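Each remark here refers to the structure printed beneath this line.
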Amino acid sequence: MASNSELFERASRVIPGGVNSPVRAFRAVGGTPRFIARGEGAYIYDAEGRRYVDYIGSWGPMILGHGHPAVLEAVLKAAAEGFSFGAPTEREIELAEEILKLVPSIDQVRLVSSGTEATMSAIRLARGATGRPKFIKFEGCYHGHTDALLVKAGSGLATFGHPTSAGVTPGAAADTVVLEYNNVEQLEAAFAEFGRELACVIVEPIAGNMNFVRASLPFMTALRRLCTEHGALLVLDEVMTGFRVGLGSAQGHYAQLIPGFAPDISVFGKVIGGGMPLAAFGARREVMQHLAPLGGVYQAGTLSGNPVATACGLATLREIQKPGFFDALAARTRQLVDGLKAVAADNGVPFSADCEGGMFGFFLLPELPQNYTTVMTTDKERFNRFFHAMLDAGIYLAPALYEAGFVSAAHSEADIAATLAAARTALR
Ligand code: KE4
């Protein structure tokens, strides 16, 4: 049986950094990544046979836990009927209908293979539908790795964003305006300056890519009002929050707090694929009609609406609609978060945490941060020590202080208790 370090060394010879996605390399926290052999319920097992309580859940998709029998059965049945046809199938209609049933703000949806593809397409759709070039994003939000989205705040409002990645040209970043999350004044000023040129604003309604930062009510209200006033489309990136923070996703949560609130375009991923490559974007009919083959906005994909992935997503969405599913999941997540806060308080460690549905975040900061700058004031060394102490105790948390955590329906009271016991020791 090869060890994690042997596998990491072998992987690094043939795959850049030994991983197919950077966060998996543990570079933020140091140490050797665990190579996972299998998952079962709330647990993952590494190449050395060690068991971990899994709070990554593939970064959100595994809301039912690993190997849910009904999902496994649906996937095996679909696979036996054919992996991919490059032609329409009934199951794509079924999944689209299921999504529309759960997302009242959209009339139509297009299925794709990754969140990056979905947000990239949503921005192209917004630009095509409005005929406008610019869009706003926020520092600390991550929407996938499309060129125009790998941009950080420029110095001052007037200058546009600067690329955050090599290989992104100034031209590709030129129409991206990057503002501070939860900063209403900056939003007002940007709309005053660029309003008529803005195709859309794209935002994570709860920013899981800076761990867990909620859009404040004034911010979300201002976003909706300003987009409406200036004819820009409000794009909610719910790749992480969609069907994770509640059956109505984050938009359902905000619609309860802000009467009549609804986005213009919604982006989904992760949970709707149940762990298989599947994401989606949707909007009202008059917006979606701009998409090929009907309209002039081109968008396509060989494996879009893949028959096996749609079976996995559909089975997952059916399970989460069962009575009491989210009540139980939210209660279990709340139990974890409240327990962690209590353990930190007992040990005098500055700590704040929050959760919604099956998604949570915690900070080694006394107060919940409202933006990226504050999140990054966290003592990184202290976080890394905590992460590794928990990992060594068999608790697998996100290997970066800017990532959110996820609880599945398979996490038991005993798993939460074991996590809190490990946290007590680690925080001491
Ligand atoms: P993908 O292209 O990775 O499927 O989705 C991009 C994306 C879009 N929007 C949001 C809000 C997202 O969180 C993501 C991807 N999330 C990261 C975790 N922070 C995926 C993990 C990774 O990059 O390996």
Side-chain angles (χ1 to χ4, degrees), residues 11 15-29 33-34 36 54-63 110-124 135 137-151 164-165 181 200-215 234-245 249-251 263 265-282 299 301 303-304 306 309 312-313 356-361 372 375 396-406:
I15 301 170
V19 292
N20 285 306
S21 198
V23 72
R24 303 175 189 172
F26 275 21
R27 296 181 78 91
V29 291
R34 301 311 193 254
I36 306 307
D54 178 15
Y55 287 109
I56 306 283
S58 177
W59 300 101
M62 307 317 295
I63 194 166
R110 169 74 46 99
L111 305 178
V112 297
S113 298
S114 75
T116 292
E117 203 182 340
T119 56
M120 171 182 74
S121 307
I123 288 172
R124 186 179 313 131
F135 71 92
K137 76 169 291 283
F138 299 93
E139 199 170 31
C141 288
Y142 173 70
H143 305 288
H145 61 93
T146 311
D147 281 3
L149 284 165
L150 293 180
V151 177
T164 55
S165 163
Y181 195 79
C200 68
V201 176
I202 184 166
V203 64
E204 288 184 61
I206 298 177
N209 285 288
M210 38 181 163
N211 201 313
F212 193 105
V213 179
R214 294 175 188 269
L234 177 56
V235 182
L236 279 202
D237 179 350
E238 296 231 49
V239 167
M240 194 184 285
T241 55
F243 312 106
R244 165 57 71 173
V245 300
S249 305
Q251 55 188 272
I265 298 177
S266 297
V267 185
F268 298 104
K270 296 179 191 271
V271 169
I272 68 165
M276 299 285 277
L278 196 153
F281 62 104
Q299 186 276 330
L303 298 177
S304 295
N306 175 268
C312 192
E356 190 69 37
M359 180 173 159
F360 70 94
Y372 181 71
V375 169
Y396 198 122
L397 296 171
L401 63 87
Y402 46 80
E403 295 285 2
F406 305 95

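Start at 1 and go down the list; that is how both ligands and their atoms are numbered. On a predicted model such as this, the values are computed, not experimentally measured, just so you know.
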For this session: For Lys270, counting its heavy atoms only, list the atoms of ligand 1 lying under 4.0 Å from any of them.
Result: 13 (O), 15 (C), 16 (N), 17 (C), 18 (C), 20 (C)
Exercise. Which of the numbered atoms in ligand 1 are below 4.0 angstrom from a heavy atom of Tyr142?
Worked result: 9 (N), 10 (C), 11 (C), 12 (C), 14 (C), 15 (C)
Exercise. By number and element, which atoms of ligand 1 are closer than 4.0 Å to a non-hydrogen atom of Glu403?
Worked result: 18 (C), 19 (N)
Problem set entry | Step-by-step side chain to side chain contact (heavy atoms under 4.5 Å, CB included) determination, Phe212 to Ile206 | CA-CA 7 Å; Phe212 193 105; Ile206 298 177; 3.8 Å; yes
Exercise. Phe360 and Tyr55: aromatic ring centres closer than 6.0 Å?
Worked result: yes
Problem set entry | Leu149 and Phe135, any side-chain heavy atoms less than 4.5 Å apart | yes
For this session: Pick, from Glu204, His143, Glu238, His145, the option with the minimum heavy-atom distance to atom 8 (C) of ligand 1.
Result: His143
Exercise. What are the atoms of ligand 1, with element, lying closer than 4.0 Å to any heavy atom of Asn209?
Worked result: 10 (C), 11 (C), 12 (C), 13 (O), 18 (C), 19 (N)
Exercise. Tell me, which protein residue and heavy-atom name are nearest atom 2 (O) of ligand 1, and how many Å apart are they?
Worked result: Thr116 OG1, 2.7 Å
Exercise. Given side chains that start at C-beta, do those of Gln251 and Ser266 come closer than 4.5 Å, heavy atoms only?
Worked result: yes
Exercise. Between atom CD1 of Ile202 and atom CG of Leu236, what is the distance when rounded to the nearest 0.5 Å?
Worked result: 9.0 Å
Problem set entry | Close-contact set for ligand 1 against Gly144 heavy atoms, below 4.0 Å | 6 (C), 7 (C), 8 (C)
Exercise. Are a donor atom and an acceptor atom from the side chains of Arg124 and Gln299 found within less than 3.5 Å of each other?
Worked result: no
For this session: Measure the acute angle between the ring planes of Phe138 and Tyr181, then classify it against the limits of 30° and 60° as parallel, tilted or perpendicular.
Result: perpendicular
Problem set entry | Ligand-residue contact atoms, ligand 1 with Trp59, heavy atoms, under 4.0 Å | 21 (C)
Problem set entry | Closest heavy-atom pair and its distance - Ala280, Ala118 | O-CB, 3.7 Å
Seminar exercise, completed: for atom 9 (N) of ligand 1, nearest protein heavy atom and its distance come out as Asp237 OD2, 2.7 Å
Exercise. Which residue supplies the protein heavy atom nearest to atom 5 (O) of ligand 1, what is that atom called, and how far is it?
Worked result: Gly115 CA, 3.3 Å
Problem set entry | Per-atom contacts, ligand 1 versus Met240 - under 4.0 Å to a heavy atom | 13 (O), 19 (N)
Exercise. Hey, looking at atom 24 (O) of ligand 1, which of Ser114, Gly242, Gly60, Ser21 has the closest heavy atom?
Worked result: Ser21
